A.B. asks: 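Dropping a structure here in structure tokens format, bear with me for questions.
Both backbone and side-chain heavy atoms feed into the values below; hydrogens, waters and symmetry mates do not. Only a predicted model underlies this, so the values are computations on that prediction, with no experimental measurement involved. For this chain, numbers begin at 1 and follow the sequence in order.
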Amino acid sequence: MQTRLFTGVRRAWLAALGAIIAATLLAPVDASAATPAGCAALKEKYPDWKGKTLVNAINPHTPGYESIDPKDPSKYIGFDIDLGEAIGDCLGFKLTYKAVTFAALLTTLASGQADIVISDIYATKERAKAADFITYSKVFDGVLVAKGNPKGINGINLSLCGAAAAENTGYVEVPLIQDLAPKCKEAGKPEPTIQLYDNNANCIQAILAGRADTYINDVNTVDQAVKAYPDKLEKAIAVTIPYSVGIAVPKDKPKFRDAVMAALIEVQKEGIHQELLKKWQLDPANFKEPDILTAD
């Protein structure tokens, strides 16, 4: 009887052990769980930010990148949120968040109200006059239109003549559309008009309400909008524009810029960047190795 009891206990123990192993193997990967090995050396090389709490200025209206957590309105979620926290973990600092309009991101940074901007902002030479950038993502724009594309819009071209475009204040797409005005006039067509809003959600709502004909922005943002309203919206086309997404840092803090770049390299080497793209269902083709963009 003791032998049977021992055998039963042993079988139960093995079954429990097997369940634990299976649960461990099947558990989803937390891309931010492990700190890259190279980060220990970076904490020694850049000790100024170890143990600090920094402020990240964000425009939290881009689902997939940065948005308000629907389960907890006091928190933010998205690829950029996770990436920033992975960089902070690598250098030993924590992040808090300051939500502002997109147009106020760089002025908030320049005024000292924020220490960094990781918020799906395209790095351009013009913007580099206000901040230094560490680029980390390629840019592919999507052209969002009403279902059926009634205006036949097929890019940032003459198909926009006479169309109303909803765009975010300060977005690089605004001057690209404005530059079409003389070309439309030369072709004997009406100029495109632009409606400016403070966030992506309002731009998308402008199309849903029939006030605007198109919204041109990051292709992943456009894809998210189509997924949310499949019966009302569609992506007319994806276009490439000559920019990269970047992390903005103050121009007078080159050491901090170099530290963030070094941490981003470690995060990418560890595969965390790619894991986060998968986690947030973003196109892995957006991945790029980091570069520094300055106004110089």
A.B. asks: Please list all pairs passing the disulfide (SG to SG under 2.5 Å) test where one or both residues lie in residues 178-216, with sequence neighbours left out.
C.D. replies: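 Of all non-adjacent pairs touching residues 178-216, those that pass disulfide (SG to SG under 2.5 Å) are C161-C184.
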
A.B. asks: Hey, what do you get for CG (N56) to OG1 (T108), rounding to the nearest 0.5 Å?
C.D. replies: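 Atom-to-atom, N56:CG and T108:OG1 are 11.0 Å apart.
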
A.B. asks: Does any N or O in the side chain of Q195 come within less than 3.5 Å of the main-chain N or O of R211, such that one atom is a donor and the other an acceptor?
C.D. replies: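 Confirmed, Q195 side chain pairs with R211 backbone.
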
A.B. asks: Find the distance between CG (D141) and CD (E173) and round it off to the nearest 0.5 Å.
C.D. replies: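 It is 4.5 Å, given to the nearest 0.5 Å.
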
A.B. asks: Who are the ring pair (Phe, Tyr, Trp, His ring centres under 6.0 Å) partners of F79, not counting sequence neighbours?
C.D. replies: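 Testing F79 for ring pair (Phe, Tyr, Trp, His ring centres under 6.0 Å), a comparison that skips the adjacent residues, returns H273.
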
A.B. asks: Pair up each side-chain donor or acceptor in residues 244-258 with any protein partner under 3.5 Å, not counting sequence neighbours, and list the distances.
C.D. replies:
| from | atom 1 | to | atom 2 | distance (Å) |
| --- | --- | --- | --- | --- |
| K251 | NZ | A128 | O | 3.0 |
| K251 | NZ | D132 | OD1 | 3.1 |
| R257 | NH1 | D132 | OD2 | 3.1 |

A.B. asks: Let me check something: any side-chain donor-acceptor pairs from residues 216-236 under 3.5 Å, sequence neighbours excluded? List them with distances.
C.D. replies:
| from | atom 1 | to | atom 2 | distance (Å) |
| --- | --- | --- | --- | --- |
| N217 | ND2 | N200 | OD1 | 3.1 |
| N217 | ND2 | Y215 | OH | 2.8 |
| D218 | OD1 | Y65 | OH | 3.3 |
| D218 | OD2 | Y65 | OH | 3.0 |
| D218 | OD2 | N220 | N | 2.9 |
| D218 | OD2 | T221 | N | 3.2 |
| N220 | OD1 | D283 | N | 3.4 |
| N220 | ND2 | Y65 | OH | 2.7 |
| D223 | OD1 | K235 | NZ | 3.0 |
| K227 | NZ | Q281 | OE1 | 3.2 |
| Y229 | OH | Q205 | NE2 | 3.4 |
| E234 | OE1 | G148 | N | 2.7 |

A.B. asks: Restricting to pairs with a member in residues 55-141, which pass disulfide (SG to SG under 2.5 Å), not counting sequence neighbours?
C.D. replies: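 Pairs touching residues 55-141 that pass the test: C39-C90.
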
A.B. asks: Roughly how far apart are T214 OG1 and I194 CD1, rounded to 0.5 Å?
C.D. replies: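 So the OG1 of T214 and the CD1 of I194 are separated by 11.0 Å.
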
A.B. asks: Dump the intermediate steps for side-chain contact (heavy atoms from CB on, under 4.5 Å) on H61 and F102, then the final yes or no.
C.D. replies: CA-CA 9 Å; H61 301 285; F102 183 86; over 6 Å; no

A.B. asks: Who passes side chain to side chain donor-acceptor pair (under 3.5 Å) against E44, sequence neighbours left out?
C.D. replies: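 Applying side chain to side chain donor-acceptor pair (under 3.5 Å) to E44 gives none.
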
A.B. asks: With a 3.5 Å cut-off and no angle check, do the side chains of S111 and Q113 form a donor-acceptor pair?
C.D. replies: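 Per modelled atom types, S111 and Q113 side chains form a pair under 3.5 Å.
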
A.B. asks: Among all residues two or more places apart in sequence or in another chain, which pass the ring pair (Phe, Tyr, Trp, His ring centres under 6.0 Å) test with Y243?
C.D. replies: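 With neighbours one apart ignored, the set is empty.
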
A.B. asks: Give me the other members of the hydrophobic cluster that Y197 sits in, counting Ile, Leu, Val, Met, Phe, Trp and Tyr linked by side-chain heavy atoms under 4.5 Å, directly or via other members.
C.D. replies: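 Cluster partners of Y197: none, it stands alone.
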
A.B. asks: Start with the C-alpha gap between I118 and Y136, add the side-chain angles, then the distance that decides, and say whether side-chain contact (heavy atoms from CB on, under 4.5 Å) holds.
C.D. replies: CA-CA 10 Å; I118 311 176; Y136 63 94; 4.2 Å; yes

A.B. asks: Does NZ belonging to K75 count more than 12 external heavy atoms closer than 6.0 Å?
C.D. replies: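 12 or below, so no.
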
A.B. asks: Looking only at atom types and distance, does a side-chain atom of S119 sit under 3.5 Å from a main-chain N or O of N59, one as donor and one as acceptor?
C.D. replies: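 At least one qualifying donor-acceptor pair exists.
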
A.B. asks: Disulfide (SG to SG under 2.5 Å): which pairs involve residues 260-296, sequence neighbours left out?
C.D. replies: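 Pairs touching residues 260-296 that pass the test: none.
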
A.B. asks: Can you pull out every side-chain hydrogen bond (donor to acceptor under 3.5 Å, both in side chains) where at least one residue sits in residues 45-55? Sequence neighbours excluded, please.
C.D. replies: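 Found none.
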
A.B. asks: Hey, could you give me the CG/CG distance between L276 and L83, rounded to the nearest 0.5 Å?
C.D. replies: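 Answer rounded to 0.5 Å: 6.5 Å.
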
A.B. asks: By side chain to side chain donor-acceptor pair (under 3.5 Å), which residues pair with K43, not counting sequence neighbours?
C.D. replies: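 Here no residue qualifies.
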
A.B. asks: Report all side-chain donor-acceptor pairs from residues 94-101 shorter than 3.5 Å, counting only partners two or more places apart or in another chain.
C.D. replies:
| from | atom 1 | to | atom 2 | distance (Å) |
| --- | --- | --- | --- | --- |
| T96 | OG1 | L54 | O | 3.3 |
| Y97 | OH | E85 | OE2 | 2.8 |
| T101 | OG1 | A104 | N | 3.4 |

A.B. asks: Looking at K183 and E186, is there a salt bridge between them, counting it only when a charged N and a carboxylate O are closer than 4.0 Å?
C.D. replies: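 Not counted as a salt bridge, because no side-chain N and carboxylate O are separated by less than 4.0 Å.
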
